[in-house]
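Report on the following structure.
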Amino acid sequence: GESVGLHLPTLSVQEGDNSIINCAYSNSASDYFIWYKQESGKGPQFIIDIRSNMDKRQGQRVTVLLNKTVKHLSLQIAATQPGDSAVYFCAEKDPGAGKLIFGQGTTLQVKP
Amino acid sequence: DTEVTQTPKHLVMGMTNKKSLKCEQHMGHRAMYWYKQKAKKPPELMFVYSYEKLSINESVPSRFSPECPNSSLLNLHLHALQPEDSALYLCASRPQGGQGTEAFFGQGTRLTVV
């Protein structure tokens with residue numbers, strides 16, 4: 001499958017391959033992280049979340065990995081489908097202020 | 001009902017106009033947010049309301065004025081905007097408290113300032 005070690009704005013994968021989207025977060029005190037999917041002209045849609053006391057969480061076809069040592073988050077999508085084409089954002093929550101702050105986003109393009 | 005409803009979906013306004021964006025949720029969420037999103041950029045936090053009180057203002061210009069009339073409604077009043085304020089304005093809500101709960105987003109209002 002396709003993956004990126006550092007954040008890249010665009011990831012292009014073949015239908016059926018696995019995708020890995022990476023995100024670096026900024027605040028070591030953040031206690032909760034969310035991956036959102038945003039399709040053109042729509043609001044962000046929840047995909048999966050993870051709390052800071054976990055390293056990994058699995059959903060349907062998606063897995064989120066959290067590495068607090070290097071402040072890194074990744075989203076793995078298994079058997080990527082054309083309907084997965086969208087912009088993917090990670091978001092971190094500051095426990096003190098209650099802010100939910102978004103990362104830069106990665107555009108996932110799925111080739112048929 | 002897990003929806004956050006924003007109206008209008010599209011808005012075109014002149015720089016001397018006054019308009020308002022509306023957001024409504026009936027999930028009992030006590031934290032509500034306004035975000036601004038420019039094309040190909042992540043949403044940027046503008047305001048946070050907690051239990052109907054403004055808790056965070058991210059140094060937003062005063063031409064944007066938020067209001068939370070009750071626990072289900074959030075407004076954003078706009079006055080004397082500039083063309084660079086054209087963007088997608090997103091509202092979100094989440095339960096207050098608890099370590100981790102997702103924020104639900106509306107579909108946004110596409111604002112064009114002419």
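All chains are named by letter (A, B, ...) in the order of the sequence lines, taking the proteins before the strands, and each is independently numbered beginning at 1.
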So, do F105(B) and F102(A) have ring centers that fall under 6.0 Å from each other?
yes
Among L100(A), T107(A), I34(A), the residue with the most heavy-atom pairs under 4.5 Å to chain B is L100(A)
So [Y] and [X], do their side chains get closer than 4.5 Å, heavy atoms only?
X	Y	answer
L88(B)	Q38(A)	yes
Y33(B)	K99(A)	no
L45(B)	I101(A)	yes
F89(A)	P43(B)	yes

For P44(A) and L90(B), work out which heavy atoms get closest and say how close.
CD-CD1, 3.8 Å
Could you tell me which non-hydrogen atom of E102(B) sits nearest to which non-hydrogen atom of Y36(A), and how far apart they are?
C-OH, 4.3 Å
Could you have a look at G108(B), S55(B), A103(B) and say which one has the most heavy-atom pairs with chain A under 4.5 angstrom?
A103(B)
If you group Ile, Leu, Val, Met, Phe, Trp and Tyr by side-chain heavy-atom gaps below 4.5 Å, do [X] and [Y] land in one group?
X	Y	value
I77(A)	I50(A)	yes
V113(B)	W34(B)	yes
I20(A)	L65(A)	no
L111(B)	M46(B)	yes
V60(B)	L54(B)	yes

Please classify the contact of E58(B) with chain A as side chain, backbone, both or neither, using a heavy-atom distance under 4.5 Å.
side chain
Under 4.5 Å from a heavy atom of chain A, the part of Q37(B) involved:
side chain
With a cut-off of 6.0 Å (strictly less than), are more than 12 heavy atoms of other residues, nucleotides or ligands near [atom1] of [X]?
X	atom1	answer
Q82(B)	CD	yes
K41(B)	NZ	no
K38(B)	NZ	yes

Supply the atom-to-atom distance Q107(B) CD to Q45(A) CD, rounded to the nearest 0.5 angstrom.
8.5 Å
